[in-house]
Amino acid sequence: MASNETRPAALTVSDLTVMYGEKPVLWDVDLQMPAGVLMAVVGPNGAGKTTLIKAILGLVPTVAGQIRIDGRPYAEQRQRVGYVPQRGSVDWDFPTRVLDVVMMGCYGRLGWLRRPGKSEQAAALRALEQVGMADYAHRQIGRLSGGQQQRVFLARALMQEADIYLMDEPFQGVDAPTERAIVGLFRELRTRGKCVLVVHHDLQTVPEYFDWVTLLNVRSFACGPVAENFNESILRQTFGGHTAWIGDESLPGRVPTTVTVPAVG
Amino acid sequence: MGASLEIQLIAVTAAVACALVGVFLVLRRMALMADAISHTVLLGIVLSFFVVQDLHSPWLLLGAALMGVATVGLVEALQRSGLVAEDAAIALVFPALFSLAVLLIGLYARNVHLDADVVLMGELALAPFERVLVFGLDLPQSLVVLAGVLLLNLLCIGLFYKELKLSTFDPVLAATLGIAPALLHYGLMALVAVTAVGAFDSVGAVLVVALIVTPPAAAHLLTDDLQRMLLLSAGIGAGSALSGYWLARWLDTNIAGSMALMAGVWFCVIWAAAPERGLVALLRRRARQRWQVAERVLALHLRSAEEEGSTNLVDRLPERLRWEPKFAHQVLRRAEANGLVQHQAGGLVLTERGRQQADYSSSRITGSS
């Protein structure tokens, strides 16, 4: 958790507003993420966390605001951003194998018409090794557990060789080994100077897994290093007081236990 | 070439062309869209016929393709409006456009060879009568058209295989990677429309759906690989066409109808008997699982008895596990045959393997990894 104040922002979101019909989903959101930072985006259900990622990726229309990747618009920087969608967003019954799904990560780099070859296959295998899934390369994707599916998605994102990774609830419903694998991968990405933005539900693990945090509930309530921005008063503001606390409130390092969570964002 | 061979060739070409585009349609869960498109292309044909006044003009294909895309656009616009349910949108759009086409034919094109019966059912038996010369070869016109359509499908799927695969599996990722999923989506729909028109003459609008949807659905039950699914789908389509032709010859009835029927028959056979995903395999797997679970429970039970130090539980087994004596006996026999338990000096004991399995099961129950 080095000081990140001096580093230039890899991802900057300024004054972002997204509406679904007349309802604001994101209102005047500001967010800055320097390179080499692991950032959690937390907030209650319907806070617009998934919409934030989709807006950064240009998948939903924005009413106002600006998104910059290293100072330039996303459309020019597409290849530098890797995306890990929620596991449930695809049909795992699709007739294909693990290695094929991972190779999809390089389709953007290959462009139209060119087909993945031997070097792409080797890279896909390396990506699978990084997430501990090399043994499953030729397994049909429908025969994976939830955690394994999540790791395949991570390997696919690694295949994109991006600098900024946006992940939508990678810890949702995964087993302990997968959670460990994901955390290990985060740290490796950080040492390589990448930055990772993660929509996250488990407040308890925020200080352990992440350096930075954004607290979001339609508006952004805080964005910065965990040490300065992840405290009771900001959490209360963000969650509207529905957070239960464990331990003595006067002790440092106390963390909220339960927040009503279930999926979808 | 005899007429019989020509008809079979036409049927197979139509079936394979349909089966190929059908794979992507089925995987996108858009099977019903095939139904809609295959009907509304008629309006495209009628409208372009009014413009060019020639029933054999290639512009008719283009008109049909555009109408196919328009149909999908209209259905999706209705769905997006949020005012009607998703499935209702399809049912609202295509009958309206189709009936408009039928009406227009009745009003303005009565004397043209474009009648509603043929449009609905097709008349494959008559196909060899309309002929064209291609490179000095005297061929049935519908064979030439369908060969062109098949070639187009092969070309598009071959060239854009990777893009079609990604945008079908994960359209959102495709969009972020700069692979335009919308373009591919409407491109595929245009391809479906052109295929439907090509197959129109031979099998008619209603039955073309059977050839687009049934072979891929059956192929999906047989494989976990997209390329193999395409091959199998084409094969099942061709098989349906040939077996349908001979069924029609035998019963002296409509060829297109028999083809669609045979597609359904092949599907049923594969649905029941597919090695891993078929119904029989599924039922057998379930039955096997039931016994396995029972054996595991037995092993766990013996293991805990072992740890408690009590022995010889055979007689008390039904009572302790609340099993019917007959069932308990069967489970015991199976566990013995599988080397999990053995009789020893009158008592029932776990083998080393049984012990291992029991420990593994209990670790799974308590969740320690």
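In the text below, chain A, chain B and the rest are named by the order of the sequence lines, each starting its count at 1. As the structure is a computational prediction, the values presented were derived from the model and not from experiment.
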Exercise. Determine, stepwise, if the pair W266(B) / T214(B) fulfils side-chain hydrogen bond (donor to acceptor under 3.5 Å, both in side chains).
Key: CA-CA 9 Å; W266(B) 288 121; T214(B) 321; over 6 Å; no

Self-check item: Residue that, paired with I182(A), satisfies side-chain contact (heavy atoms from CB on, under 4.5 Å) out of L154(A), V198(A), V131(A), V84(A)
Solution: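 Considering L154(A), V198(A), V131(A), V84(A), a side-chain contact (heavy atoms from CB on, under 4.5 Å) with I182(A) is found only for L154(A).
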
Self-check item: Partners passing ring pair (Phe, Tyr, Trp, His ring centres under 6.0 Å) against F24(B) (at least two apart in sequence or in another chain)
Solution: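 Applying ring pair (Phe, Tyr, Trp, His ring centres under 6.0 Å) to F24(B) gives none.
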
Quiz prompt | Counterpart residues, ring pair (Phe, Tyr, Trp, His ring centres under 6.0 Å), relative to Y186(B) (two or more places apart) | solution =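 Partners of Y186(B) under the ring pair (Phe, Tyr, Trp, His ring centres under 6.0 Å) test: none.
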
Self-check item: Among V81(A), L59(A), I141(A), residue most engaged with chain B (heavy-atom pairs, under 4.5 Å)
Solution: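 Max contact count across the listed options: L59(A).
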
Practice problem: Name the region of V101(A), side chain, backbone, both or neither, that has any atom closer than 4.5 Å to a heavy atom of chain B. | Solution: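 V101(A) touches chain B through side-chain heavy atoms alone.
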
Quiz prompt | Heavy-atom proximity to chain B below 4.5 Å, by part of L113(A) | solution =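 Both parts, backbone and side chain.
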
Quiz item: Is it the side chain or the backbone of L230(B) that comes within 4.5 Å of chain A heavy atoms, both, or neither?
Solution: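 L230(B) has no heavy atom closer than 4.5 Å to chain A.
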
Exercise. Identify which part of F160(B) has an atom lying under 4.5 Å from any heavy atom of chain A, answering side chain, backbone, both or neither.
Key: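 The answer is the side chain of F160(B).
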
Self-check item: Closest non-hydrogen atom pair between I69(A) and I164(A), with its separation
Solution: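 Closest heavy-atom pair between I69(A) and I164(A): CG2-CD1, 3.5 Å.
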
Exercise. Assess whether side chain to side chain contact (heavy atoms under 4.5 Å, CB included) is satisfied between V29(A) and V18(A), documenting all intermediate values.
Key: CA-CA 9 Å; V29(A) 169; V18(A) 174; over 6 Å; no

Practice problem: Measure the SG-CG distance between C195(A) and L38(A) for me, rounded to the nearest 0.5 Å. | Solution: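 Going from SG on C195(A) over to CG on L38(A), the span is 9.0 Å.
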
Can you pull every donor-acceptor pair closer than 3.5 Å across chain B and chain A?
residue : atom : partner : partner atom : Å
R29(B)  : NH2  : D91(A)  : OD1          : 3.4
R29(B)  : NH2  : D91(A)  : OD2          : 2.9
G158(B) : O    : R115(A) : NH2          : 2.8
K162(B) : NZ   : G111(A) : O            : 2.5
K162(B) : NZ   : R114(A) : O            : 2.6
E163(B) : OE2  : L113(A) : N            : 3.2
D170(B) : OD2  : R156(A) : NH1          : 3.1
D170(B) : OD2  : R156(A) : NH2          : 2.8
A175(B) : O    : R78(A)  : NH1          : 3.0
T176(B) : O    : Y74(A)  : OH           : 3.2
T176(B) : O    : R78(A)  : NH1          : 3.4
H220(B) : NE2  : D93(A)  : O            : 3.2
D224(B) : O    : T96(A)  : N            : 3.2
D224(B) : OD2  : R143(A) : NH2          : 3.1
L226(B) : N    : P95(A)  : O            : 3.0
E276(B) : OE1  : R143(A) : NH2          : 2.4
R277(B) : NH2  : D93(A)  : OD1          : 3.2

Contacts table for residues 151-158 of chain B: side-chain donor-acceptor under 3.5 angstrom, sequence neighbours left out:
residue : atom : partner : partner atom : Å
N153(B) : ND2  : A17(B)  : O            : 3.1
N153(B) : ND2  : T195(B) : OG1          : 3.2

